[in-house]
2 protein chains.
Amino acid sequence: MSETSTATPESLTQTLTGSGLRATPQRELVFNILFEKRDHPTADEVFTRAKAEMPTISLATVYNCLETLVQCRVVRAVNFERGPTRYCPNQRPHAHFHDEQTGSTHDIDLPPGLLDHVKTILPTGYEANSVEIIFRGKTQS
Amino acid sequence: MSETSTATPESLTQTLTGSGLRATPQRELVFNILFEKRDHPTADEVFTRAKAEMPTISLATVYNCLETLVQCRVVRAVNFERGPTRYCPNQRPHAHFHDEQTGSTHDIDLPPGLLDHVKTILPTGYEANSVEIIFRGKTQS
DNA sequence: CTTGCTCATTAGAATCATTCTTATTTGATA
DNA sequence: TATCAAATAAGAATGATTCTAATGAGCAAG
């Protein structure tokens, strides 16, 4: 039974209301889209998928929902390279591997303690509250 | 005598010509600007500094020069958060610390072996040719 | 040298992602 | 059910970057 810190569609409502926010259909839809297919879509891709389910949703709302979910820490915004921001449901601490051939991004689970180990390289006076690790390369498939 | 892999204004010419490119005044100026003040400026900031020295230089040329220098691996493009790309002269392997209060970015030297250690978390079949580490937090100053 | 050719630069237009603005809608609360 | 704040929608506006087309510069062959 693996313990994850990933929000689920079920726990989303309480996360939102717990932050004084409303659990709207749009927010739930956007989260579900990220939750169902973990392929780090851009806002625009989320928008396309959302429209299939809710044709009246607007791109601005998708941006708003994503921003809200990031604030609530149930979704993570990821930026490597210039280019649109990509989003993933937060789950356990993980690094990202960016396959330069396919352009796709894979999550890499982090062994416990690695982030703390990495933080030890910081000089005195530097207090990190997050560490992001990005690999670039290719995968044999 | 510290051994670095940092290009210098002197070595730039041969790096460029070695790649079949010309060492133009614009390219040299852009590189010198990055080399002199290592504060991770944006293309627009480089442009402003460049104009002080060479009033006729254009923003497009600054973008072109930066891209060329990145291709030659004498300059590194850095992207965290959405927002403009920032540039630093390549020097030794280092991580970036992004101070969330001031918005400034500091280089963190990496102890030898750290990158290799971090790479060991990759599953079989993943071949990383680069690892980027980004800290976010605050500094006591 | 000087003609020709390729690489670079310039200026401005175009594009893309994102944010902003304003009006409308929704939903919880009194 | 009336009220009021929060959320959504649509499109305009912004900002960073890239593209396009024209001009300029430097080297190589004659």
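Atom set for the values below is all heavy atoms of this structure, side chains included, hydrogens, waters and symmetry mates excluded. Protein chains get the first letters and strands the later ones, always in sequence-line order, with residue 1 at the start of each.
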Side chain of [X], heavy atoms from C-beta onward: which of [options] has the nearest atom to it?
X       : options               : value
B:Arg82 : D:dT17, C:dT18, D:dT8 : C:dT18
A:Arg22 : C:dG27, D:dA9, D:dA16 : C:dG27
B:Thr85 : D:dA9, D:dT17, C:dG12 : D:dT17
B:Ala43 : D:dA7, D:dT17, D:dG11 : D:dT17
B:Pro84 : C:dT9, D:dT17, C:dT19 : D:dT17

How is [X] classified with respect to the nucleic acid when contacts are heavy atoms under 4.0 Å: base, sugar-phosphate, or nothing?
X       : value
A:Thr68 : nothing
A:Leu59 : base
B:Thr61 : base
A:Thr42 : nothing
B:Asn64 : base

OP1 or OP2 of [N] versus the side-chain N and O atoms of [X]: is any pair under 4.0 Å?
X       : N      : answer
A:Arg27 : D:dA7  : yes
A:Gln26 : C:dT26 : no
B:Tyr63 : D:dT17 : yes

[X] [atom1] to [N] [atom2], straight-line distance once rounded to whole Å:
X       : N      : atom1 : atom2 : value
A:Gln71 : D:dA6  : CD    : C1'   : 16 Å
A:Asn79 : C:dA17 : CG    : P     : 13 Å
A:Glu28 : D:dT8  : CD    : C1'   : 15 Å
A:Asp44 : C:dT15 : CG    : C1'   : 13 Å
B:Phe47 : C:dT9  : CZ    : P     : 14 Å

Given side chains that start at C-beta, do those of B:Thr56 and B:Lys51 come closer than 4.5 Å, heavy atoms only? no

Carboxylate-amine/guanidinium contact A:Arg49 A:Asp39, below 4.0 Å: yes

Residues B:Arg136 and A:Glu132 bridged, charged N to O under 4.0 Å: yes

Salt bridge (charged side-chain N to carboxylate O under 4.0 Å, His left out) assessment of B:Asp99 paired with B:Lys138: CA-CA 5 Å; B:Asp99 188 322; B:Lys138 63 179 199 287; over 6 Å; no

Check for a donor-acceptor pair, side chain of A:Ser19 on one end and backbone N or O of A:Leu21 on the other, with a separation under 3.5 Å. no

